[in-house]
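Each remark here refers to the structure printed beneath this line.
This is a predicted model, so every value here is computed, not measured. What's counted below: heavy atoms across the whole structure, side chains too, no hydrogens, waters or symmetry copies. Residue numbers begin at 1 in each chain, while the letters A, B, ... track the order of the sequences.
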Amino acid sequence: MKAMSEEIEQKEESLFEAPPIAEQERMCEAILFASAEPVTIKELNARMPHGCDAAEALVHLRKRYEGRGVHVVKVGDAWAMRTAADLSFLMQKETVETRKLSRAAIETLAIIAYHQPVTRAEIEEIRGVSVSRGTVDQLLEMEWIRFGRRKMTPGRPVTFVVTSEFLDHFGLTSARDLPGLKELRAAGLLENRPPPGVMALGSSEDEEDESLEGQSELFED
Amino acid sequence: MKAMSEEIEQKEESLFEAPPIAEQERMCEAILFASAEPVTIKELNARMPHGCDAAEALVHLRKRYEGRGVHVVKVGDAWAMRTAADLSFLMQKETVETRKLSRAAIETLAIIAYHQPVTRAEIEEIRGVSVSRGTVDQLLEMEWIRFGRRKMTPGRPVTFVVTSEFLDHFGLTSARDLPGLKELRAAGLLENRPPPGVMALGSSEDEEDESLEGQSELFED
Amino acid sequence: MAEDLFEEDRERSVAERLAAEALIVDVDGFEGPLDLLLTLSRTQKVDLRKISILQLARQYLEFVERAKTLRIELAADYLVMAAWLAFLKSRLLLPPDPSEEGPSGEELAAHLAFQLERLQAMRDAAAKLMAQDRLGRNFFARGIPESVERVRRVTFTATLLDLMQGYARLRTRDEFRPFVMDRESVFTMEEALARLRGLIGFSGTWTDIMSYLPTGWEEDPVKRRSATAATFAASLELAKEGKVEIRQSETFAPIQLRRKDEGHV
């Protein structure tokens with residue numbers, strides 16, 4: 001208790017002077033270490049005394065953990081500590097059996113990840129088959145996808161995007177790190193090419209909803 | 001997957017040769033980090049490749065974390081990692097919620113502002129109901145009111161006045177800047193009175209249900 | 001494209017034909033016509049970009065025909081695709097008609113090839129994605145997360161408008177009253193009834209009901225009217241209950257009442 005009230009005093013003092021960067025690094029370390037979920041820079045700064053610069057402290061911390069059994073990783077705009085993947089063989093005990101996803105769910109997930117933001121009609125156009133409600137529900141429930149902005153096309157359809165939980169699960173810093181993304185884009189396979197003429201294929205009746213813009217929004221910034 | 005099978009190979013090799021101590025340290029680090037419970041030396045040794053010496057690796061690991069934001073600690077006869085005790089203050093998140101003052105508090109505050117210095121009895125007379133201790137305490141705590149001089153009347157009751165924090169918050173130079181009834185009416189703040197004489201005869205049975213609160217609700221919007 | 005048609009036909013081995021046949025039995029296993037087309041395309045053993053759409057169309061139509069002979073019900077979208085591929089096939093085989101509107105057979109074929117390639121690419125990407133190092137399988141989060149204690153601090157606020165409205169509300173409260181009926185000069189029937197019930201026991205003889213008005217209600221006309229009406233209504237109520245008898249000799253004559261005894265008829 002005494003330590004805590006001292007700390008509060010320190011916190012107030014630090015309105016005027018931030019703790020040294022080594023101390024800030026320790027603080028980031030403690031916060032990230034304690035949390036199973038990624039923590040955003042914003043939250044780090046909010047929890048650390050005023051005047052701290054979590055972003056800078058993280059640069060140091062990340063370097064410190066390079067090559068260690070535990071790494072500091074970036075997940076979207078948040079940071080987390082994760083065990084090194086090469087030590088997974090030690091972790092059988094910790095392994096959690098993940099629910100097996102159906103082929104349809106895996107494909108739908110991949111399409112959302114690579115094409116986001118993407119509408120249901122676009123997913124159906126790519127798969128050539130209608131997307132069952134259960135598939136989308138399952139992915140939403142797992143918090144691997146969420147609703148994105150509506151598309152500015154007739155009918156203003158909702159779009160799907162992947163979440164930071166998705167990135168965390170697959171060890172990705174951002175959706176730009178998806179495997180093979182560059183090659184796919186270079187090959188034009190992430191384009192939403194409208195079919196020539198009016199002939200529609202399979203279930204793509206509502207293809208007039210689809211526009212060329214928006215497809216690669218996520219990857220542009 | 002490839003990494004995993006390599007590791008398995010390494011595991012088999014290590015029947016004959018233990019990994020270097022630095023590697024063992026990494027392993028201990030990852031296991032202690034990911035484990036949901038403190039881990040005994042025996043269990044560490046069982047999970048690490050044959051020939052490893054968890055006890056020795058822990059000595060190194062412990063030293064590495066000295067003075068860091070996270071410590072390697074002994075819990076009973078097992079080992080765990082914990083955030084440094086002096087950083088426990090970081091393990092709380094402060095959320096600030098802004099709420100509107102209750103009507104009782106606003107009315108009490110208004111009376112103090114318009115009639116200061118004013119006694120509790122006077123406030124009660126104007127409001128027509130007794131003023132709860134909590135309301136006054138809340139306003140005192142917010143530092144919007146403070147005790148004024150005692151009144152030179154029998155019992156010498158304390159009075160309340162508004163503070164400079166109050167004036168700051170409401171952007172007033174002095175309490176005299178508060179608009180008067182006439183101005184309030186001119187500003188349309190008093191216009192919502194029911195037209196006189198529209199008494200509904202049949203509906204008067206429940207008049208005793210109507211309290212002061214109920215009545216003034218009519219004028220709110 | 002038309003020239004290599006027969007060549008392709010010749011190239012199809014018996015094994016491939018058998019493979020195509022085997023597909024028929026497994027029609028439920030396909031995720032739509034595009035998936036089926038992609039599977040059929042594998043028999044061509046070429047890069048998807050070099051695939052012969054014409055050959056693929058023929059394979060597909062053959063598949064549909066077989067399904068028909070085996071009396072397998074195909075979902076509508078498979079049949080729509082069949083119709084479309086038949087159309088595409090005719091477009092590809094016939095020399096282009098310059099007067100015809102719309103996209104050429106080659107354009108349509110190219111788009112179908114693109115769709116197949118894109119679907120295949122997504123499948124490969126999905127496989128790569130699932131093979132990534134994954135949380136809870138290859139790398140792990142903190143096993144004993146320390147709970148972050150939430151300290152909630154509430155700050156209260158109000159605006160000048162709230163303050164002024166609050167004050168205005170108080171200061172104008174007395175100026176008017178909400179819808180409350182003024183009841184000072186009203187004698188209710190319930191009151192009259194209660195009063196009569198108490199008095200009726202002593203009324204063995206005919207008495208003017210006006211003598212039952214409560215004291216203090218006889219002078220003021222407003223009060224008198226209310227009390228009279230209430231007392232009269234109450235006496236009717238008592239007559240209905242069989243407690244009293246009422247009589248009036250003529251219109252506007254005094255109304256009299258007396259207790260109804262068991263003996264009276």
Side-chain angles (χ1 to χ4, degrees), chain A residues 30-37 47 71 73 80-88 91 94-98 101 103-104 106-111 113-115 125-130 168-172 178-181 184 187-191 193-203, chain C residues 29-38 48-49 75-78 80-81 84-85 87-88 91 101-112 114-148:
Chain A
I31 295 172
L32 291 189
F33 204 94
S35 172
E37 308 291 324
R47 281 167 66 181
H71 293 160
V73 297
M81 281 196 162
R82 298 287 179 251
T83 62
D86 70 302
L87 297 177
S88 66
M91 302 292 173
E94 263 69 49
T95 309
V96 273
E97 215 25 76
T98 37
L101 282 177
R103 189 174 128 193
I106 291 171
E107 269 180 40
T108 303
L109 178 65
I111 291 168
Y114 283 83
H115 288 258
E125 155 87 10
I126 293 169
R127 295 196 63 227
V129 72
S130 64
D168 192 17
H169 183 89
F170 290 98
L172 301 166
L178 284 164
L181 183 75
L184 287 171
L189 291 168
L190 299 183
E191 282 166 27
R193 229 178 264 175
V198 286
M199 285 305 293
L201 243 178
S203 61
Chain C
F30 291 106
E31 300 226 11
L34 215 52
D35 184 29
L36 173 56
L37 278 170
L38 198 56
L48 271 175
R49 264 163 288 185
D77 50 347
Y78 287 87
V80 170
M81 176 63 90
W84 187 80
L85 285 172
F87 164 81
L88 177 61
R91 277 250 162 150
E101 295 278 311
S104 70
E106 273 73 22
E107 280 171 327
L108 294 172
H111 185 70
L112 180 58
F114 166 73
Q115 283 183 297
L116 290 174
E117 197 191 343
R118 184 173 58 178
L119 180 58
Q120 187 56 56
M122 276 303 112
R123 294 210 167 144
D124 296 343
K128 268 188 220 154
L129 183 65
M130 298 317 273
Q132 285 273 112
D133 283 337
R134 286 161 66 179
L135 180 65
R137 200 183 71 181
N138 308 94
F139 58 92
F140 296 83
R142 178 73 172 129
I144 321 173
E146 281 170 55
S147 57
V148 177

Taking the six-membered ring of C/Phe114 (Phe, Tyr or Trp), confirm whether the NZ or CZ of A/Arg193 is under 6.0 Å from its centre and within 45° of its axis.
yes
Locate the shortest heavy-atom distance separating [X] from [Y]; write the atom from each residue and the value.
{"X": "C/Phe139", "Y": "A/Phe170", "value": "CZ-C, 4.4 Å"}
{"X": "C/Ala141", "Y": "A/Ala36", "value": "CB-O, 3.7 Å"}
{"X": "C/Ala121", "Y": "A/Leu184", "value": "CB-CD2, 3.5 Å"}
{"X": "C/Arg137", "Y": "A/Ser88", "value": "O-CB, 3.9 Å"}

To the nearest 0.5 Å, what is the distance between [atom1] on [X] and [atom2] on [Y]?
{"X": "C/Leu119", "Y": "A/Leu189", "atom1": "CG", "atom2": "CG", "answer": "11.0 Å"}
{"X": "A/Leu172", "Y": "C/Asp133", "atom1": "CG", "atom2": "CG", "answer": "10.0 Å"}
{"X": "C/Leu34", "Y": "A/Glu125", "atom1": "CG", "atom2": "CD", "answer": "8.5 Å"}

In terms of heavy-atom pairs under 4.5 Å, which option from A/Glu37, A/Met81, A/Arg103 contacts chain C the most?
A/Arg103
Do C/Met122 and A/Thr108 come close enough that some side-chain heavy atom pair is under 4.5 Å?
no
Do C/Leu129 and A/Leu178 come within less than 4.5 Å of each other through their side chains, counting heavy atoms only?
yes
The salt bridge (charged side-chain N to carboxylate O under 4.0 Å, His left out) partners of C/Arg123 (sequence neighbours excluded) come to A/Glu107, C/Asp35
Please name all residues satisfying ring-ring contact (aromatic ring centres under 6.0 Å, His included) with A/His169, sequence neighbours left out, ordered by chain then number.
A/Trp144
Count the heavy-atom pairs under 4.5 Å between each of C/Met130, C/Lys128, C/Arg49, C/Glu107 and chain A, then report the option with the highest count.
C/Met130
Measure A/Leu32 against the heavy atoms of chain C and call it side chain, backbone, both or neither at under 4.5 Å.
neither
Measure distances from A/Ala187 to the heavy atoms of chain C and classify the residue's part below 4.5 Å as side chain, backbone, both or neither.
neither
